Each structure stands twice: as structure tokens, then as C-alpha cells.
Amino acid sequence: MRIFISSLFFLFLSTQSLASQLEPFKATYTARYNGISVTATRELTGQEGSWRLDFNTFALFASIKEYSRFISQDGNITPYHYEYRRKGLGRDRGTVLSFEPDKGMVFNVSNPERDMENVSPNILDKLSYQMQLTLDVAAGKENLQYEVADGKKIRKYTFAKEGTEVVKTPMGKVEAIKVRRVRDADSERETTVWIAPQWNYALVKLVQREENGKKYQITLKKLSINGKSVGAGQ
């Protein structure tokens with residue numbers, strides 16, 4: 001479940017100056033995970049200089065809540081706090097990270113033995129890198145590579161754009177940019193997302209296939225930006 005949830009790129013930007021500006025949004029997704037109905041919400045609040053991105057998902061007897069606090073300047077995201085809480089999926093889990101990139105440090109508040117040293121000034125967390133990915137897609141960048149602190153170590157994520165496709169959603173049909181995560185040649189896992197410029201670069205669909213052959217899919221069903229509804233007729 002954690003692998004599925006952490007792969008959700010529910011990211012939204014303004015239609016003006018997309019390469020460097022963010023606008024508050026709220027989105028709702030529906031999904032099926034291993035036969036279980038899942039509802040997920042994503043919300044960006046704040047303003048230039050201080051943003052908070054929240055992600056919450058709820059299923060029967062289970063929930064995941066996480067958020068990232070970060071600043072955004074000239075199209076670049078810099079996180080300073082990240083929290084993750086999981087309940088009801090086996091053992092409850094939690095992670096709290098504090099970022100001090102000027103010192104080359106990421107402090108694991110939950111487990112100081114896992115503090116990370118000599119990190120890149122471009123280090124991101126598992127939510128803020130998703131926002132950076134969308135900013136970069138909106139800016140037309142081709143180099144989609146990120147260093148991400150996941151609580152245990154620094155991981156490198158690479159993505160590649162694969163053209164555009166028309167995606168059918170409960171909100172209507174929309175043309176979207178297809179982006180696939182690049183993995184090792186022998187990996188059987190696949191993660192693909194579709195991001196719609198027409199809907200302010202919202203992620204409208206995600207499909208993930210695991211090594212065991214299971215497939216997970218999420219679809220956007222409701223979106224508002226600055227309190228205004230977005231959809232096929234907008």
C-alpha cells in the first residue's frame with residue numbers, strides 16, 4: 001500500500017507562469033487497491049514563500065496521512081519539513097524529517113540514527129519531489145531527475161515523457177502528457193502518470209504494476225483551484 005500511495009503525483013499549477021508559480025488547489029481521487037475502495041484527497045495551501053502540500057487517503061480500517069512544507073522560488077522547490085503517518089495497514093508507522101540543505105543535512109526526527117549527511121542542496125522529500133516534477137513538466141524540461149530522502153536513505157528518481165494521450169475521467173476527456181518512471185532494465189515494476197495541461201497540469205491518472213502482476217489505478221474525479229471548479233467545460 002505504501003508503494004502505491006507514495007507514487008501518487010497529484011500536482012496542480014496555475015495556467016499563468018506555470019514554470020515558476022503555484023496556486024492553492026484541492027483534488028479528490030478514486031481508486032481500487034487490491035480489491036479495496038480507496039478515496040484520496042490532495043490539497044495545496046499557503047502562498048509564495050511558504051506552502052503546505054497535504055495528502056490523505058482512507059480505506060476500510062486504514063488511513064495514510066502525509067504532508068510537506070516547502071518554499072518555491074523561480075520554479076525550484078525547497079522542503080523544510082515532512083511527516084508521514086500510517087494506521088491500520090499492519091504495524092502503524094510514522095516518519096518525521098527536518099531539512100537543512102544549507103548544512104547538507106536531513107534530520108530524521110523519528111529515528112536520529114537515520115540522519116542523512118552531505119545531501120544535495122536540491123534534496124526533496126516524497127511529496128515535494130512530485131510537485132517539482134509537475135513544475136518541470138509544465139516548464140517543458142526534459143531532464144526529470146530527482147534526489148529524494150525517504151526516511152532511510154537518498155534515492156534517485158528518473159522520469160521520461162512519452163508523448164500525449166487522451167484520457168477518459170469522471171470529469172470528462174482530456175489530453176494529457178504521459179510520463180513514465182525509468183527503472184532498471186530487469187525491473188518488473190511500472191509506474192505511469194498522465195498530467196493534463198488543460199486542467200492546470202493536474203495529474204488525471206496513475207497506473208502502477210507490481211512485480212507480482214497486481215495493477216493499481218487512480219483517477220481524478222474532482223478538482224478546484226483557488227476555490228473554482230475545474231473540468232472539461234472549464
Side-chain angles (χ1 to χ4, degrees), residues 1-15 17-29 31 38-58 63-86 93-101 106 109-110 122-139 144 146-151 155 157 159 179 181 191 193-196 199-206 218 220-228 230:
M1 183 68 165
R2 175 61 179 135
I3 293 173
F4 170 56
I5 294 304
S6 67
S7 297
L8 307 182
F9 309 121
F10 313 144
L11 315 174
F12 311 94
L13 311 179
S14 167
T15 56
S17 302
L18 287 171
S20 61
Q21 295 184 7
L22 303 176
E23 286 190 322
F25 69 79
K26 186 171 184 180
T28 304
Y29 292 80
V38 178
T39 297
T41 61
R42 191 78 161 188
E43 185 171 13
L44 179 68
T45 55
Q47 57 188 353
E48 206 65 30
S50 180
W51 295 97
R52 172 168 169 155
L53 180 63
D54 282 84
F55 170 63
N56 298 305
T57 185
F58 303 93
S63 67
I64 290 177
K65 297 182 178 182
E66 61 183 325
Y67 74 87
S68 173
R69 299 187 71 93
F70 58 87
I71 61 175
S72 175
Q73 185 174 12
D74 298 327
N76 296 311
I77 300 292
T78 303
Y80 56 88
H81 188 83
Y82 169 81
E83 292 195 22
Y84 166 83
R85 305 291 180 190
R86 186 187 76 182
R93 292 180 56 191
T95 300
V96 179
L97 302 179
S98 178
F99 291 74
E100 295 191 23
V106 175
V109 180
S110 305
N122 299 318
I123 192 70
L124 297 162
D125 60 56
K126 298 193 77 171
L127 282 182
S128 62
Y129 96 84
Q130 301 164 9
M131 186 65 74
Q132 186 67 66
L133 171 65
T134 307
L135 282 167
D136 291 345
V137 170
L144 306 175
Y146 309 97
E147 293 186 74
V148 179
D150 73 351
R155 301 184 185 274
Y157 293 176
F159 297 84
V179 182
R181 182 170 172 187
T191 302
V193 298
W194 287 260
I195 300 171
W199 292 351
N200 300 302
Y201 287 84
L203 177 136
V204 294
K205 181 180 176 181
L206 176 144
I218 62 99
L220 178 66
K221 74 171 186 178
K222 187 177 181 180
L223 168 66
S224 64
I225 297 176
N226 272 329
K228 297 181 179 180
V230 175

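Worth saying up front: this structure is predicted, and the values here are computed from it rather than measured.
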If you measure from OG on Ser50 to CZ on Arg69, what distance do you get to the nearest 0.5 Å? 5.0 Å
Looking only at heavy atoms, the pair that brings Ala27 and Phe25 closest together is N-CD1, 4.2 Å
For the student: nearest non-hydrogen atoms of Trp199 and Val204, plus distance: CE3-CG1, 3.6 Å
Set out, in order, the CA-CA distance, both residues' side-chain angles and the distance that settles side chain to side chain contact (heavy atoms under 4.5 Å, CB included) for Val109 and Leu97, then state yes or no. CA-CA 6 Å; Val109 180; Leu97 302 179; over 6 Å; no
Quick one: list whatever passes ring pair (Phe, Tyr, Trp, His ring centres under 6.0 Å) with Tyr146, sequence neighbours left out. none
Please determine whether side chain to side chain contact (heavy atoms under 4.5 Å, CB included) holds for the pair Leu133 and Leu144, giving the CA-CA distance in whole Å, both sets of side-chain angles, and the decisive distance to 0.1 Å. CA-CA 7 Å; Leu133 171 65; Leu144 306 175; 4.2 Å; yes
Which residues pass the side chain to side chain contact (heavy atoms under 4.5 Å, CB included) test with Asn226, sequence neighbours left out? Glu23, Pro24
Evaluate Asp136 against Phe159 for side chain to side chain contact (heavy atoms under 4.5 Å, CB included), listing each step before the verdict. CA-CA 11 Å; Asp136 291 345; Phe159 297 84; over 6 Å; no
Does NZ or CZ of Arg93 fall inside the cone over Tyr84's six-membered ring, less than 6.0 Å from its centre and within 45° of the axis? no
Could you pull out the closest heavy-atom pair between Leu53 and Leu127, with the gap in Å? O-CD1, 3.6 Å
For the residue pair Ala40 and Phe55, what are the closest heavy atoms and their distance? CB-CE1, 3.6 Å
If you take all heavy atoms of Ile77 and Leu124, which pair is closest and at what distance? O-CD2, 3.5 Å
How would you list, by chain and number, every residue that makes a side chain to side chain contact (heavy atoms under 4.5 Å, CB included) with Thr28, sequence neighbours excluded? Thr39, Thr41, Lys221, Lys222
Residues passing the salt bridge (charged side-chain N to carboxylate O under 4.0 Å, His left out) test with Glu83, sequence neighbours excluded, are Arg85
Could you grab the distance from atom OG1 of Thr45 to atom CG of Leu22, nearest 0.5 Å is fine? 11.5 Å
Walk me through it: do Ser128 and Tyr82 pass the test side chain to side chain contact (heavy atoms under 4.5 Å, CB included)? CA-CA 9 Å; Ser128 62; Tyr82 169 81; over 6 Å; no
State whether Lys126 and Asp150 are salt-bridged, where the test is any N-O pair (Lys NZ or Arg NE/NH1/NH2 against Asp/Glu carboxylate O) under 4.0 Å. no
Is a side-chain donor or acceptor of Gln132 paired with a backbone partner of Gly75 at a separation under 3.5 angstrom? yes
Lys/Arg cation over aromatic Tyr67: Arg52, 6.0 Å, 45° cone: yes
Going by salt bridge (charged side-chain N to carboxylate O under 4.0 Å, His left out), name the residues that satisfy it together with Glu147, two or more places apart in sequence or in a different chain. none
